[in-house]
Amino acid sequence: MGEVIGKEQLKEELRLKNRILVEGINVNPEIFQHLDLGNTIQEQVNAMFAVDHHAHRGINFPSCMLFPHGFRVGFRWEKASPFELMYEDGRYILKENGKVVNENVVFEKRPGYYAESTSDGVPMATVALNYGMKHIFVSYSNECMLKEKGQDYLFCNINATKDIYADAQNIKWKTARQIGETVARAYAEDNNKVTISGGFIPERREVDYYIDVAEAIQEATGLEDFNGTATIGAPADFSTYEKYKEAGYRTTATNIELWNENYFKAICPGKYANCGDRSYWLQALEYARDVFGKFRVRSTFVAGIEPKNSLLEGIEALVSEGIIALPSSWNVNVGSPLEGHRTPTADWHFDVIEQTVAIYRKYGLTWDLLENATAASDMVVHDLFRIEEGIFL
């Protein structure tokens with residue numbers, strides 16, 4: 001019989017994952033010459049938001065580490081981190097303040113479709129990112145028009161990511177056909193969930209584009225229900241949500257980011273100016289819920305900018321109304337207006353996650369609904385939810 005893993009043992013490893021995501025990892029990039037990166041091992045593709053704390057144009061990093069009990073840990077480079085990845089005796093070893101915490105680090109394998117190209121020659125690895133656990137993520141654009149208006153979200157680095165990495169990694173606007181072909185190829189490898197997202201663009205153009213993408217995916221995969229999430233801002237016309245559902249999307253995401261009204265206005269000036277105040281976003285989310293169904297709509301919060309009590313108030317307010325609220329731990333990104341600031345401690349974030357999972361269970365959210373309404377199902381909040389529900393795989 002295999003080793004029986006207890007809940008507390010899983011939680012301990014999850015706390016380590018949480019600390020790594022908050023603190024990042026220090027590494028000398030030269031050690032990756034020993035890794036078959038970009039061939040058998042999946043590399044980072046900076047298609048939307050670069051997650052490393054230092055720019056590294058022309059230097060590749062692995063996208064993800066795999067921990068012994070199944071946790072996926074995204075790689076984030078931070079030179080000041082207490083965690084250090086080293087290459088010793090033919091193995092990658094992870095240390096925390098000099099103490100070994102993982103003596104044989106394993107990296108995620110590169111999916112087969114990453115080596116293929118669309119019919120017009122675009123590498124599929126730049127069209128749909130492998131998020132693990134059968135999820136793929138399409139960033140149709142790697143730019144946001146809010147920059148031109150001086151209305152960028154202060155935590156966002158989408159335009160900076162394009163400036164640093166787009167040419168080096170050949171990342172461009174994706175056509176509906178490119179997306180359809182790539183999703184079909186990824187689904188042939190047993191993936192079954194796709195999220196479509198991108199920078200802020202005019203609403204009418206966005207609606208037409210998302211419909212074209214849905215049709216292209218349906219045609220390429222042969223699936224009427226392709227388990228897709230459309231990520232959009234709060235629309236001027238709420239009936240827009242009905243168009244997305246009719247087009248074939250199973251779920252939708254409208255990310256409010258911050259609950260406190262004043263923080264929202266100050267940190268997300270573009271969302272406030274172009275879409276409205278918090279009450280308007282709530283109306284949009286509730287309308288979307290009525291169209292797509294209970295817990296088939298999600299809204300992400302950037303956890304760590306506003307006070308904890310405000311954040312948790314917002315999470316419970318949405319979840320109690322049948323809307324999935326996700327606390328995404330604030331990762332201070334290169335090129336964002338808030339670059340150089342610090343996210344709260346790992347303990348702060350883990351406490352938010354524990355309280356969020358308690359809220360999920362209080363209001364009857366199930367794993368299937370949580371997984372299908374989110375872009376990735378390997379966030380710390382997902383992992384803890386599975387542990388508490390006894391369904392950790």
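Keep in mind the model is a prediction, meaning the values are calculated, not measured. These values consider heavy atoms only, across backbone and side chains, with no hydrogens, waters or symmetry-generated copies.
Using a 30° and 60° split on the angle between ring planes, Y92 and F32 fall in the parallel class, below 30°. Ring geometry for Y249 versus Y244: interplanar angle over 60°, hence perpendicular rather than tilted (30 to 60°).
Pairs of residues two or more places apart, or lying in two chains, never qualify as ring pair (Phe, Tyr, Trp, His ring centres under 6.0 Å) while including a residue from residues 303-356.
Heavy-atom contacts from other residues, nucleotides or ligands closer than 6.0 Å to CD of Q33 number more than 12. Sparse packing is recorded around NZ of K265, with 12 or fewer heavy atoms of other residues, nucleotides or ligands lying under 6.0 Å away. The local environment of CD in E189 is crowded, with over 12 non-hydrogen atoms from other residues, nucleotides or ligands closer than 6.0 Å. Heavy-atom contacts from other residues, nucleotides or ligands closer than 6.0 Å to NZ of K7 number more than 12. Counting non-hydrogen atoms of other residues, nucleotides and ligands closer than 6.0 Å to CD of E103 gives a total of 12 or fewer.
Side-chain N or O atoms of T252 include none that pairs as donor or acceptor with a backbone N or O of V297 at under 3.5 Å. Judged by distance alone, with hydrogens and angles left aside, the side-chain atoms of N26 form no donor-acceptor pair with the main-chain N or O of S81 at under 3.5 Å. Under a 3.5 Å cut-off, the side chain of Y287 and the backbone N or O of Y241 do not form any donor-acceptor pair. Side-chain N or O atoms of T343 include none that pairs as donor or acceptor with a backbone N or O of G304 at under 3.5 Å. At distances below 3.5 Å, not a single donor-acceptor pair connects side-chain atoms of S139 with backbone N or O atoms of N142. The closest donor-acceptor contact from the side chain of N331 to the backbone of V51 lies under 3.5 Å. Without hydrogens or angle criteria, R278 side chain to F264 main chain gives no donor-acceptor distance under 3.5 Å.
Linking Ile, Leu, Val, Met, Phe, Trp and Tyr residues whenever their side-chain heavy atoms come within less than 4.5 Å leaves I93 and V106 in two separate clusters. Follow the hydrophobic side-chain contacts under 4.5 Å out from F67 and you reach V101 in the same cluster. Hydrophobic clustering keeps M86 apart from F107 (ILVMFWY residues linked when any side-chain heavy atoms are closer than 4.5 Å, directly or through intermediates). Residues F238 and V291 share a single hydrophobic cluster, defined by chaining ILVMFWY side chains whose heavy atoms lie under 4.5 Å apart. Cluster membership for I25 and V22, using ILVMFWY side-chain heavy atoms within less than 4.5 angstrom, is not shared.
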Chi angles and distances behind the side chain to side chain contact (heavy atoms under 4.5 Å, CB included) call for Q44, H56 = CA-CA 11 Å; Q44 284 182 352; H56 53 93; 3.5 Å; yes
Which is it for I41 and R110 under the side chain to side chain contact (heavy atoms under 4.5 Å, CB included) test, yes or no, and what are the steps along the way?
-> CA-CA 5 Å; I41 302 300; R110 199 176 197 241; 5.8 Å; no
Stepwise side chain to side chain contact (heavy atoms under 4.5 Å, CB included) check, S377 with Y131 | CA-CA 8 Å; S377 56; Y131 270 20; over 6 Å; no
Between I179 and Y209, is a side chain to side chain contact (heavy atoms under 4.5 Å, CB included) present by the stated rule, with each step listed?
-> CA-CA 11 Å; I179 294 171; Y209 180 82; 3.3 Å; yes
CA sep, side-chain torsions, deciding dist, call: R15, E8, salt bridge (charged side-chain N to carboxylate O under 4.0 Å, His left out) = CA-CA 10 Å; R15 286 181 179 275; E8 291 308 313; over 6 Å; no
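In terms of heavy-atom proximity, C268 sits nearest to E257 at SG-CB, 3.9 Å. When all heavy atoms are compared, the tightest approach of T161 to A50 is OG1-N, 3.0 Å. The two atoms that bring A176 and A216 nearest to each other are O-CB, 3.2 Å, heavy atoms only. In plain terms, the two heavy atoms of Y114 and N130 that are nearest each other are OH-N, 2.9 Å.
Here R342 pairs with E23 in a salt bridge; the nearest charged N to carboxylate O distance falls below 4.0 Å. In this structure, E388 pairs ionically with K11, as a charged nitrogen and a carboxylate oxygen lie closer than 4.0 Å.
Within the 4.5 Å cutoff, side-chain heavy atoms of L326 are placed close to those of L370. Using a 4.5 Å heavy-atom cutoff, the side chains of D277 and Y272 are in contact. The closest side-chain heavy-atom distance from W259 to E316 is not below 4.5 Å. Using a 4.5 Å heavy-atom cutoff, the side chains of I20 and L94 are in contact. You'll find the side chain of L16 stays beyond 4.5 Å of the side chain of F71, heavy atoms only. Counting only heavy atoms from C-beta outward, the side chains of S329 and V380 never approach each other to under 4.5 Å. In this structure, L318 and I324 have side chains that are not in contact, with every pair of non-hydrogen atoms separated by 4.5 Å or more. Side-chain contact check for Y153 versus V302: every heavy-atom pair is 4.5 Å or farther apart.
Evaluation of the side chain to side chain donor-acceptor pair (under 3.5 Å) rule for Y280 yields no partner, not counting sequence neighbours. In terms of the side chain to side chain donor-acceptor pair (under 3.5 Å) criterion, residue partners of K162 (sequence neighbours excluded) are, by chain and number, E143.
In this structure, the separation between CE on M48 and CG on L129 is 10.5 Å, given to the nearest 0.5 Å. The distance from the CD atom of E108 to the CG atom of D378 is 8.5 Å, given to the nearest 0.5 Å. Rounding to the nearest 0.5 Å places CZ of F301 at 9.5 Å from CG of N255. Atom CD of E286 is separated from atom OG1 of T254 by 12.0 Å, given to the nearest 0.5 angstrom. Atom CD1 of I164 is separated from atom CD of Q169 by 11.0 Å, given to the nearest 0.5 angstrom. With rounding to the nearest 0.5 angstrom, the NZ atom of K174 is 14.5 Å from the CD atom of E181.
Side chains of Q355 and D351: a donor on one and an acceptor on the other come within 3.5 Å. With no hydrogens or angles considered, a side-chain donor-acceptor pair links D237 and S239 at under 3.5 Å. At a cut-off of 3.5 Å, with distance as the only test, a side-chain donor of D120 or T118 sits close to an acceptor on the other residue. Of the N and O atoms on the side chains of S63 and Q42, at least one donor lies less than 3.5 Å from an acceptor on the other residue.
The side chain to side chain donor-acceptor pair (under 3.5 Å) with T374 is formed by just one residue from the set R298, H382, K193; it is H382. Checked options V45, N170, N46; the residue passing with Y165 is N46 (criterion: side chain to side chain contact (heavy atoms under 4.5 Å, CB included)). The only member of I315, V319, L311 that meets side chain to side chain contact (heavy atoms under 4.5 Å, CB included) when paired with T356 is I315.
Here the two rings, on Y363 and F295, have centers that are 6.0 Å apart or farther.
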